[in-house]
Amino acid sequence: MSQVFVLDTNKQPLDPVYPGRARLLLKQGKAAVYRRYPFTLILKRTVERPEPHPLRLKIDPGSKTTGLTLVNDASGQVVWAAEMSHRGEQIKRALDKRRAARRSRRQRHTRYRAPRFANRRPRTGKLSPSLESRVCNVLTWVRRLMQLCSVSAISQERVRFDTQALQNPEIEGLGYQHGTLSGYEVREYVLLKWNYQCAYCDIRDVPLELDHVQSRAKGGSNRVSNLTLACTSCNQHKSNQDVRDFLKAQPERLARLLAQLKAPLRDAAAVNATRRALYERLAVLGLPVEYGSGGLTKYNRVMRDLAKTHWLDAACVGHSTPPALDVHAIVPLKIAATGHGSRQMCRMDKYGFPRTGPKQHKRVQGFQTGDLVRAVVRSGSRQGTYVGKVAVRSRGAFNIATAHGVVTDIHHRWCRLEARADGYTYQQRKEAAFPPSK
Ligand SMILES: [Zn+2]
């Protein structure tokens, strides 16, 4: 079960506790709520020399979603899990929009100025802003968790596949379908290289098989440069025909296939760039960092019969993964990066003219847009209790986005702060930890 973090009164991390114990501590007045997300209690007493059990923070960084899981290596118990969605796309869109606005302004107002060029320092060794935000999101949460519990080691999935294991793939017959670790590395590589679709009919979302372009029977090798993806029917249809005979009717497809076969995986480096940057910055935190490959993660997950989710993938990263993982009743916290508002001074209409007055103060009566508030309205037409994100208005009557829609014009005197806006939104939802039985 997802556990609750506990700090002593000096904010030293203690062992996390089960929710039942947390409720008891709160009821008996021995602790108070320190943070709502992730749920953390602060005890009202000091603990001399706390010795909490060491936990391993495991990270599966993705381009859209990153899985974060805290595992007790000694017992194999998953203590806490989260899935964080990034805002890379959003950042890219915002920058494109800014570029368009600046270009348009130059065209309208300052065309007489001589063009400036070579007046920017090149971004050497830096990640692009959308990639940088992903790395920063993960680092923020690693630092947060280090303050709330005793993180003693970090595991990160660093590469999609281990190129070492690709060098001599020992795949024989059906071996690569449910066999060795290197088989998993090969599969991951081939799936990515051929874009998760059948090379002969482009079908997706069906079980795909590895196909030897030059068949084994005719001396084709097991090297990845001789492997492609085929759906079951194409694979059987092709059998051990030569690919040139099989695709006689489709010369274009044949040419494309042969070219793709020789090409190394083009964007593997780009895929791994963020992960490398993350690894380097995690190493600075002073904790031992273990890294694993995507193939190893998948192998660990399949061997433990766990479903494909981001947080379970994270739990299976690296060679340190305990032989049995206790994931019973874990509900991952869904974290979505939202950023901290925009710097735009006023809203525009669709023609680019100012639509609103200039921005007012960010903070109104102690509240800020994005804060989580609880409003208990005792009189008037809006009587009731509303919990949700607040949108502040300078006149002092706010909008609150609740689970059932937005309520408008709630006066600030009814509102109580539950959690400050911290650039993320949160949601906790149940889902199955085990794959549906076959
Ligand atoms: Zn096919």
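Each ligand, and each atom within it, is numbered from 1 in the order the structure gives.
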**Item:** Within 45° cone and under 6.0 Å: R158 NZ/CZ vs Y279 ring
**Value:** yes
### Query
Relative to the ring of F5, is the ring of W80 parallel (under 30°), tilted (30 to 60°) or perpendicular (over 60°)?
tilted
Over 60° means perpendicular and under 30° means parallel, so tell me whether Y426 and Y37 are parallel, tilted or perpendicular.
parallel
Salt bridge (charged side-chain N to carboxylate O under 4.0 Å, His left out) filter on K362, not counting sequence neighbours, yields none
Check: Hey, are the side chains of Q197 and L229 touching, using non-hydrogen atoms and a 4.5 Å cut-off?
Finding: no
Distance filter < 2.8 Å from the Zn ion (ligand 1), protein N/O/S hits 4
Paired with T66, the side-chain hydrogen bond (donor to acceptor under 3.5 Å, both in side chains) test is passed by just one of E83, H86, H310, namely H86
